[in-house]
Structures are given as structure tokens and as C-alpha cells.
Amino acid sequence: MTGKAPSLGLLCYRAMTRAVSPLVPLLLRRREARGKEDPARLCERLGVPTQDRPEGPLVWLHGASVGESLSILPLVSRLLAAVPGLHVLVTTGTVTSAKLMADRLPAGALHQYVPLDHPDYCARFLDHWRPDLAVWIESEFWPNLIFTASRKDIPLALVNARITARSAHNWRHAPAFIAGLLSRFSLIMAQDRASAARLRELGAGKVLEPGNLKHDAPPLSVGEAEHAHLAPMIGTRPVWVATNTHEGEESAAGEVHKALASSYPDLLTIIVPRHPARGPAIAAELAEMGLAVARRAAGDGIAPGTEIYLADTLGELGLFYSLSEIVFVGGTFDSTGGHNPFEAARFACALLAGPSDFNFAETFADFEGAGAMRRVGDAAALAAALRRLLDDETERKRMGAAAKRLASEDSGATERTLEALLALLPPARKREAHHA
């Protein structure tokens, strides 16, 4: 057992999470009703497994949602290839990521939902899976899970770590708490210089900078049958995609469509909301604006008179990126701070984004510097930028090619991360003694 005592803040946090445990069933039922939980696997959120632990060494990787889980797929494959008999457990917290992992995890890897951050759920989870190494991806710090794993002498690593200026500022109000959590990681690897600097300021000590795993992630899948079904419906119509949109951005996309409709009467706007469960509300809002809306979740097709195609389904981003040469990155017209641009870039899409980018500030700057992304301040500026790209095929394809080139570069981050993680795996004899 590690000698690091919990801070007062952590002790208070643990007491608080125990105190609110009677509310957990209500929380899960509400999330299930909103489509945010899988009813068949709710027990996993309480640390109760739905699969047996395989024999032999096991590495556990946790990524919060889709972007993080996709970014580690190359790492999962290389871990399995590097260690004979190794198994990899991937945990995530969203229904969408679980579906993607079911489709894309290689043989030897399995998926579970991460338990809610309650001391008992975390202990139950760890006692069953007994990982030889625990790896957190990016920026999700679950204090009980980190503390319990550390107390059980499980080596901890934080890789592709990302922390925004806003998050760092908030953590500075609890310096002992965050420093105590970071001190439990044997290895911390940041995805960019700014995150590395902020982690050091928060007490992380040594932080490596191997590069960004998202550079090495595989392209999103495209359902060939669905592509063959939708592409003829679109035909030669000009089309653009507003992806990962949040509340307020769908109406902005609708205003953009109306502003361009006189010049491009057959324009098709595809909106992919970040949270598909909002589909009915978004459709109603756009219809009130006088726009003809078709909802994918309702089984609607794209008719000649369809102005907005609302792609309110899960796990189909690759399909819609494959149908357009222009993508607006959502979460940039509000306080979200942007979303991952690599996914669209791999499909050679010209990228447009609003001013809010704190989640991906360095990445957006790289895409801008490569001439692959243009920034716009509001809906009017987005309409003007779209007009230029729709009118100029050469520029549109140049931007798309620049985006794909940048997104396809092998950063070497996966290989450097793999080497560091393998060094943390205990020798076979030590593993056997640890699990005896």
C-alpha cells in the first residue's frame, strides 16, 4: 500500500460522495431517460462487471468519451502486440463511445463503462479487474478512482494529458487537492506545451511531451451501404456540415442557410448535434425559422426540397464528413471551447470554426497556420466564409488537402507513449505476486 496519505480535501470529497450515494439510482434513471446510459449495463456504473477478467496481465485505459477513446485505438493495438498474453480493458463514460468501442476494439481488448466516482464502486471495480497498469487519457480526474487505485499499488499513468487555462485556473483554488492527485501518477505525458506547463504549475513535477495521440488516431468509419444510400439523394447539390453543434449553434446554422439560399437555392445544410437526443427540439426550432427539415433519427430521407438534414444519430460522423468538403467545427460559437478537428480533417474537409477554442487552442492554431482552417466571429462571418468556399473549388480543395496532410502526419506520439507505458508494467513475477 502506498504511503501517500489523502489530503483533507480528498477526505472531504470521499465523505461527500458517500453521503450522496442514495441519490445515485435517481441520477442513473434520469440519465437513462435522456439516452445517456445503457439500461442493460447500468450495473457497470456501480462497479459491477458484466464480463469476467481474463487470465494474465491486464492494462486498463480510461478515456471519457468518443475523442479520447478513438485516440487510443492505435495504442491499444500496439500494447497487445508488444506483450504476449496481454489483455486491455478500455473504460468510457458515454453511450456513443461504448458503441464505437464495440465496433472497433481489436481482439484481446474489452470495454466496460467507468464506475461512478464512489469509494465502494471504485473498489469493487478494481478488485474485479486487478489491472497491472492504469492509464488515464487526457483530463478526466476522478479522485476516488485515482486514490483507490493508488492505494492498491496499481501503477498510474496520465497520457495525452490536456488541461485548459480555465481548468487550471479553477484547480488553483484547491492546490493541495490537485497536487495530491497528480502526485499519485508515476508517469504524466502532455499532448502540448501549454498543458505541460499548466500541469507543472499545479504540482505535477516532471511532465513529458511526446506529442498528441489524436494525430495518430485512425479515420472514422464510413458505412458503405449508408453512403451509397445518401450520396444519390444529395447528387450535385452544394453541401456543408455543421458538426458537434451545441444549443444556439443549430439556429446559427439555420440563419447561415437562409442567408445563402438566394445564391444557392439547392444548398443542403447537414447538422450533426453533439447530443443527438436534442434532435426533436432542434428540428422544431429550425422549422419555426421556416426551414424544411429532415431528421435522420426519424428515418427521413433527403428530398429535393430538404434544406436542413438533421443527423441526430450516434456514431456516424465519418459518413457525413465523407459527403461534404466543408465542415464547421461546433462548440466554437459558445463557451464549449471547440471539438476535435482531426476527424473531419482526415476526410480532406476545409475547416471553419468560431472564436471559442480553449479545448484545442494549439491544435486550431496549427490548422490555421497550415492554411487548413479559417476562423469566423459570428453567423454572418460564417455565411461569408462559406460563400467564398462554395464559389472557389480550388481554394476549397487546397484547404481540404492541407487539413488531411496535417491530420495524417505520424507524430510518433503513440510509439513514445507505448515505450513509457511498457516501462511501468511490473515484471511477470511481480505481477503474479501482486495478484496472489
Side-chain angles (χ1 to χ4, degrees), residues 1-2 4-53 58-65 68-69 89-98 101 110-158 161 163 167 170-171 173-174 176-185 435:
M1 182 180 296
T2 180
K4 295 176 183 175
S7 66
L8 177 60
L10 179 56
L11 289 173
C12 292
Y13 175 84
R14 288 172 68 78
M16 180 191 69
T17 51
R18 286 190 185 280
V20 301
S21 58
L23 300 177
V24 168
L26 175 62
L27 168 68
L28 290 175
R29 283 197 297 271
R30 291 185 62 179
R31 287 179 56 83
E32 180 185 346
R34 296 165 62 192
K36 293 189 173 185
E37 296 288 348
D38 182 344
R41 296 174 62 183
L42 279 180
C43 62
E44 295 176 20
R45 301 293 261 156
L46 306 179
V48 178
T50 54
Q51 299 184 60
D52 293 333
R53 187 202 189 281
L58 183 141
V59 173
W60 163 41
L61 296 95
H62 172 65
S65 58
E68 293 89 342
S69 55
L89 170 68
V90 175
T91 58
T92 62
T94 67
V95 173
T96 310
S97 58
M101 291 300 97
L110 53 157
H111 174 270
Q112 296 276 278
Y113 284 102
V114 68
L116 297 177
D117 202 43
H118 182 283
D120 295 343
Y121 308 159
C122 296
R124 188 181 297 145
F125 170 86
L126 292 168
D127 286 344
H128 175 80
W129 291 107
R130 307 185 315 277
D132 296 277
L133 172 63
V135 184
W136 266 258
I137 313 300
E138 293 209 6
S139 59
E140 187 158 283
F141 300 125
W142 290 114
N144 282 322
L145 203 48
I146 292 170
F147 172 71
T148 307
S150 172
R151 190 173 61 179
K152 291 178 179 291
D153 286 333
I154 299 168
L156 305 179
L158 177 63
I163 187 164
S167 294
N170 292 336
W171 276 118
H173 295 296
F177 191 99
I178 185 60
L181 289 180
L182 292 174
S183 71
R184 296 179 186 276
F185 289 96
H435 293 322

### Message
In terms of relative ring orientation, are Trp129 and Phe125 parallel, tilted or perpendicular, with 30° and 60° separating the classes?
### Response
tilted
Please check if the side chain of [X] supplies one atom and the backbone of [Y] the other of a donor-acceptor pair under 3.5 Å.
X	Y	value
Arg45	Val114	yes
Glu44	Gln112	no
Asp132	Val59	no

Show every donor-acceptor pair shorter than 3.5 Å between a side-chain atom in residues 22-31 and any protein atom, with sequence neighbours excluded, or say none if there are none.
| residue | atom | partner | partner atom | Å |
| --- | --- | --- | --- | --- |
| Arg31 | NE | Glu37 | OE2 | 2.7 |
| Arg31 | NH2 | Lys36 | O | 3.4 |
| Arg31 | NH2 | Glu37 | OE2 | 3.3 |

Write down the atom of [X], the atom of [Y], and the distance for their closest heavy-atom approach.
X	Y	value
Ala149	Leu126	N-CD1, 3.6 Å
Gly47	Arg124	O-CG, 3.4 Å
Pro131	Trp60	CB-CB, 3.8 Å
Pro6	Leu11	CG-CD2, 3.6 Å

## Note on the structure
Sorted by chain and residue number, the side-chain hydrogen bond (donor to acceptor under 3.5 Å, both in side chains) partners of Ser65 (sequence neighbours excluded) come out as Glu68
Side chains of residues 139-147: which donor-acceptor partners sit under 3.5 Å, not counting sequence neighbours?
| residue | atom | partner | partner atom | Å |
| --- | --- | --- | --- | --- |
| Glu140 | OE2 | His62 | NE2 | 2.7 |
| Glu140 | OE2 | Trp142 | NE1 | 2.6 |
| Asn144 | OD1 | Arg14 | NH1 | 3.1 |
| Asn144 | ND2 | Thr17 | OG1 | 3.1 |
| Asn144 | ND2 | Asp117 | O | 2.8 |

### Query
Does the pair Val48 and His128 meet the rule for a side-chain contact (heavy atoms from CB on, under 4.5 Å), with working shown?
CA-CA 8 Å; Val48 178; His128 175 80; over 6 Å; no
